[in-house]
Colleague: 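Take a look at this one; I'll ask things after.
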Amino acid sequence: MDKKIILARIDDLMKEKGITKYALKENAEVSSTIYQWRKNATRDKDRTPSLRSIEKICEFFGVS
């Protein structure tokens, strides 16, 4: 799983739907950690969002 691709797709969906990071976090019930990884790229470069977080985001946006 490539973190850059996943985060880029989430960003695309957010732009398409006009959703902020905060709104995504609150409505999809995911941790804000998914965006903190971007800030801590050096320390967390091998970490990726959990499958459960990705599932919640997909459910929220109605995508597979």
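These numbers come from a predicted model, not from an experiment.
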Colleague: Atom CD of residue position Glu29 - does it have more than 12 heavy atoms of other residues, nucleotides or ligands inside 6.0 Å?
Modeller: no
Colleague: Report the C-alpha distance between Lys56 and Glu59 in whole Å, list the side-chain angles of each, state the deciding distance to 0.1 Å, and finish with yes or no for salt bridge (Lys or Arg N to Asp or Glu O under 4.0 Å).
Modeller: CA-CA 5 Å; Lys56 288 180 179 182; Glu59 288 171 13; over 6 Å; no
Colleague: Taking side chain as C-beta onward, heavy atoms only, is Leu13 less than 4.5 Å from Arg9?
Modeller: yes
Colleague: Measure the CD-OG1 distance between Glu26 and Thr20 for me, rounded to the nearest 0.5 Å.
Modeller: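 Here the rounded value is 9.0 Å.
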Colleague: Are Val63 and Val30 co-members of a hydrophobic cluster defined by side-chain heavy atoms under 4.5 Å apart?
Modeller: yes
Colleague: Looking only at heavy atoms, what is the nearest atom pair of Ile54 and Ile6, with distance?
Modeller: CD1-CD1, 3.9 Å
Colleague: Considering only heavy atoms from C-beta outward, does the side chain of Phe61 approach that of Glu16 to under 4.5 Å?
Modeller: no
Colleague: Nearest 0.5 Å, please: how far is CG in Leu24 from NZ in Lys17?
Modeller: 12.5 Å
Colleague: Nearest 0.5 angstrom please: Ile10 CD1 to Phe60 CZ, how far?
Modeller: 12.0 Å
